[in-house]
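One structure is given below, encoded as structure tokens.
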Amino acid sequence: MKAFSCFVTGTDTEIGTTLISGALLHAPGAAGARAAGMKPIAAGADLRDGVWHNEDVDFLHAAAPLKLPRELTTPYLLRTPAAPHIAAALECVLIEPRRIIASYEQVRAQAEAVVVEGVGGWRVPLTHGYDTSDLARQLGLPVVLVVGLRLGCINHALLTAEAIASRGLKLAGWVANTVDPAMVHRDGNIEAISARISAPLLGHVPRLEPATAAAAAAYLDLGKVKHV
């Protein structure tokens, strides 16, 4: 399986972007590729044994075949569980996009592929006048969209796909991730999205217990990725 670099975003927060990012790292890693994961900005951390930890950051680190310093893969680890621009303001931290880009370039120099996970949805503010879509555009990576399967997902998926295209970025594929296991007409929703988004459906991930990168990777077909 050929590794590829991408920016992972979602239709909302708490819809599985970290799980899918981990799966995107695990799959090429199982084939021997040197893939590295990044979550440039993470908000919400707890202190354990004198070290600040964020669950998403720890998950990506565990899933990545190439282990790099977390200060490089997550240049901004904020303690407050809030939108990044709010958390940064509360902690008197200045988020500098150029620092994120510099970190990415260092990671990219050491890896065959890099999976960069955004934060929340596509237009989450990072600083005044700069959001996750701006970061994705600066990185210039193809985008993988995670669609959380729940009521309203069709509208959210189509709007996000349009917003990605408006930034001039390539949507390499999308993943249907089950958020609400009791959702009715799930398959019908997936079919409706597939009919309206030109990018390929890379897989449908059911509700997993436990939700591991390896388990999620088993439901993805990265051979369908629409390469730039």
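One is the number of the first residue; the rest follow in order along the sequence. This structure is a prediction, so every number in the text was calculated from the model and none was measured.
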#### Entry: Set of side-chain contact (heavy atoms from CB on, under 4.5 Å) partners for P200, sequence neighbours left out
L202, K224, K226
#### Entry: Other residues, nucleotides, ligands: >12 heavy atoms within 6.0 Å of L151 CG
no
### Query
Looking at L77, I95, T74, V93, which hits side-chain contact (heavy atoms from CB on, under 4.5 Å) with I41?
I95
### Query
What pair of heavy atoms forms the shortest contact from V143 to I164, and how long is it?
CG1-CD1, 3.7 Å
## Note on the structure
In short, salt bridge (charged side-chain N to carboxylate O under 4.0 Å, His left out) pairs touching residues 91-107 with sequence neighbours left out are E96-R98
### Message
Please evaluate residues I101 and L135 with respect to the criterion side chain to side chain contact (heavy atoms under 4.5 Å, CB included), reporting the C-alpha separation (whole Å), side-chain torsions for both, the decisive distance (0.1 Å), and the verdict.
### Response
CA-CA 8 Å; I101 301 302; L135 174 60; 4.1 Å; yes
### Task
Report the hydrophobic cluster partners of V184, with the cluster defined as I, L, V, M, F, W, Y residues connected by side-chain heavy atoms closer than 4.5 angstrom, directly or transitively.
none
Donor-acceptor list for residues 59-68 side chains, cut-off 3.5 Å, not counting sequence neighbours:
| unit_1 | atom_1 | unit_2 | atom_2 | d |
| --- | --- | --- | --- | --- |
| K67 | NZ | H61 | O | 2.6 |
| K67 | NZ | A62 | O | 2.9 |
| K67 | NZ | A64 | O | 2.9 |

### Task
Determine the sole option in T178, V175, V146 for which the side-chain contact (heavy atoms from CB on, under 4.5 Å) test with V205 is passed.
V175
### Query
side-chain contact (heavy atoms from CB on, under 4.5 Å) with I154: which residues, sequence neighbours excluded?
L158, N189, A192, I193
### Message
Nearest 0.5 Å, please: how far is NE2 in H53 from CG in L47?
### Response
8.0 Å
### Query
Taking only residues at least two apart or on different chains, which pairs with a member in residues 5-15 satisfy salt bridge (charged side-chain N to carboxylate O under 4.0 Å, His left out)?
D12-R150
#### Entry: Shortest non-hydrogen separation from P142 to A172 and the atoms involved
CB-CB, 3.9 Å
### Task
If a pair satisfies salt bridge (charged side-chain N to carboxylate O under 4.0 Å, His left out) and one of its residues is in residues 197-221, list it, with sequence neighbours excluded.
none
### Task
Heavy atoms only: give me the nearest S194-W174 pair and the separation to one decimal.
OG-CZ2, 3.2 Å
### Task
Walk me through it: do Y219 and L208 pass the test side chain to side chain contact (heavy atoms under 4.5 Å, CB included)?
CA-CA 11 Å; Y219 292 91; L208 299 172; 3.9 Å; yes
### Query
Can you name the nearest heavy-atom pair linking G148 to V179, along with the distance?
CA-CG2, 3.5 Å
### Message
Given 3.5 Å as the limit, does a donor-acceptor pair link the side chain of T80 with the main chain of A87, or not?
### Response
no
### Query
If you measure from CD1 on I15 to CG on D180, what distance do you get to the nearest 0.5 Å?
13.5 Å
### Non-neighbouring partners of R70 that pass salt bridge (charged side-chain N to carboxylate O under 4.0 Å, His left out), sequence neighbours left out
D58
#### Entry: Non-neighbouring partners of T212 that pass side-chain contact (heavy atoms from CB on, under 4.5 Å), sequence neighbours left out
P210, A214, A215
### Task
Can you sort out the partners of R34 under salt bridge (charged side-chain N to carboxylate O under 4.0 Å, His left out), two or more places apart, ordered by chain and number?
none
### Query
Which residue pairs pass the salt bridge (charged side-chain N to carboxylate O under 4.0 Å, His left out) test when at least one of the two sits in residues 117-146, sequence neighbours left out?
K39-E117, R123-D131, D134-R137, D134-R167
### Query
Which atom pair, heavy atoms only, marks the closest approach of T132 to G121?
OG1-O, 3.2 Å
### Task
Of all the heavy-atom pairs spanning L72 and S103, show the shortest one and how long it is.
O-CB, 3.4 Å
### Message
Under the criterion side chain to side chain contact (heavy atoms under 4.5 Å, CB included), I'd like the reasoning laid out for T73 against M38: C-alpha separation, chi angles, the key distance, then a yes or no.
### Response
CA-CA 5 Å; T73 57; M38 287 189 72; 4.3 Å; yes
### Task
With sequence neighbours left out, write down each residue that passes side-chain hydrogen bond (donor to acceptor under 3.5 Å, both in side chains) with Q138, or none if nothing qualifies.
Y130
### Message
Working note: L139 + I100, criterion side chain to side chain contact (heavy atoms under 4.5 Å, CB included); need CA distance, chi angles, decisive distance, verdict.
### Response
CA-CA 9 Å; L139 292 173; I100 297 174; 5.5 Å; no
